[in-house]
Amino acid sequence: QVQLVESGGGLVQAGGSLRLSCAASGRIFSINAMGWYRQAPGNQRELVAIIISGGNTNYADSVKGRFTISRDNAKNTVYLQMNSLKPEDTAVYYCNAAGVRTTPSIRSNDYWGQGTQVTVSS
């Protein structure tokens, strides 16, 4: 079984920074993509940033230039550096690992972390 454990959320003032971490553990052969999603009260879960195994990244327009996603493939860990935070960034942030293979086969699954709260005060 694969588990994702997030850390780094909290309360910060507008303009501040936070760094989220997400470590995948368990029997892992490879992970195709790792990403961060967020869900604010009353809203649908939305993609924040994603990084694939080759290093290509994609960001939501609302966070471009402020957030940076990175990945340590050896540690199966993904990070999200969040700078210049705004109150509208307040949400529960979820880590996602997509295309996780536990053996060298084509079969893969996706996994989610439990979520970490990020609150930005004005």
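One is the number of the first residue; the rest follow in order along the sequence. What you are looking at is a predicted structure, and each value in this text was computed from that prediction instead of being measured.
Of all heavy-atom pairs between R27 and T103, the closest is NH2-CG2, 3.5 Å.
Annotation: disulfide bond (SG atoms under 2.5 Å apart) contacts involving residues 29-59, sequence neighbours excluded, are absent. Residue pairs that meet the disulfide bond (SG atoms under 2.5 Å apart) test with at least one member in residues 39-110, sequence neighbours left out, are C22-C95. Residue pairs meeting the salt bridge (Lys or Arg N to Asp or Glu O under 4.0 Å) criterion with at least one member in residues 61-70, sequence neighbours excluded: D61-K64, R66-D89. Contacts classified as ring-ring contact (aromatic ring centres under 6.0 Å, His included) and involving residues 19-73 (residues at least two apart or in different chains) are given here: Y37-W112. Every pair passing side-chain hydrogen bond (donor to acceptor under 3.5 Å, both in side chains) that includes a residue from residues 8-24 is listed here, sequence neighbours excluded: S17-N83. Applying the salt bridge (Lys or Arg N to Asp or Glu O under 4.0 Å) rule to pairs touching residues 99-122 yields nothing, sequence neighbours excluded. The ring-ring contact (aromatic ring centres under 6.0 Å, His included) contacts involving residues 68-101 comprise nothing, where partners must be two or more places apart or lie in separate chains.
Residues that satisfy the side-chain contact (heavy atoms from CB on, under 4.5 Å) test with Q117, not counting sequence neighbours, are T90, V92, T119. Under the side chain to side chain donor-acceptor pair (under 3.5 Å) criterion, S25 pairs with no residue, sequence neighbours left out. Considering only residues two or more places apart in sequence or on other chains, S122 meets the side-chain contact (heavy atoms from CB on, under 4.5 Å) condition with P87.
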| field | Candidate pair I31 and R71, rule side chain to side chain contact (heavy atoms under 4.5 Å, CB included), full reasoning | value | CA-CA 11 Å; I31 302 175; R71 178 175 172 176; 3.6 Å; yes
| said: Is there a side chain to side chain contact (heavy atoms under 4.5 Å, CB included) between D72 and V78? Walk through the geometry before answering. | reply: CA-CA 6 Å; D72 185 333; V78 64; over 6 Å; no
| field | Test side chain to side chain contact (heavy atoms under 4.5 Å, CB included) applied to I28 and T102, step by step | value | CA-CA 5 Å; I28 298 172; T102 56; 5.7 Å; no
| said: Using the rule given for side chain to side chain contact (heavy atoms under 4.5 Å, CB included), can you reason through M82 versus V63, listing the C-alpha separation, both sets of side-chain angles and the distance that settles it, and then say yes or no? | reply: CA-CA 9 Å; M82 305 185 294; V63 307; over 6 Å; no
Between side-chain atoms of residues 41-52 and protein atoms elsewhere (two or more places apart, or another chain), which donor-acceptor pairs fall under 3.5 Å?
unit_1 : atom_1 : unit_2 : atom_2 : d
E46    : OE2    : R38    : NE     : 2.8
E46    : OE2    : R38    : NH2    : 3.4

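The closest donor-acceptor contact from the side chain of T77 to the backbone of K75 lies under 3.5 Å. Not a single donor-acceptor pair under 3.5 Å links the side chain of Q3 to the backbone N or O of A24.
Separating the CG atom in N96 from the CD atom in E6 is a distance of 10.0 Å, to the nearest 0.5 Å. How far CD of Q81 is from CG of L20: 9.0 Å, rounded to the nearest 0.5 Å.
Taking Ile, Leu, Val, Met, Phe, Trp and Tyr as members and joining any whose side-chain heavy atoms lie under 4.5 Å apart, directly or through other members, V5 forms no hydrophobic cluster with any other residue.
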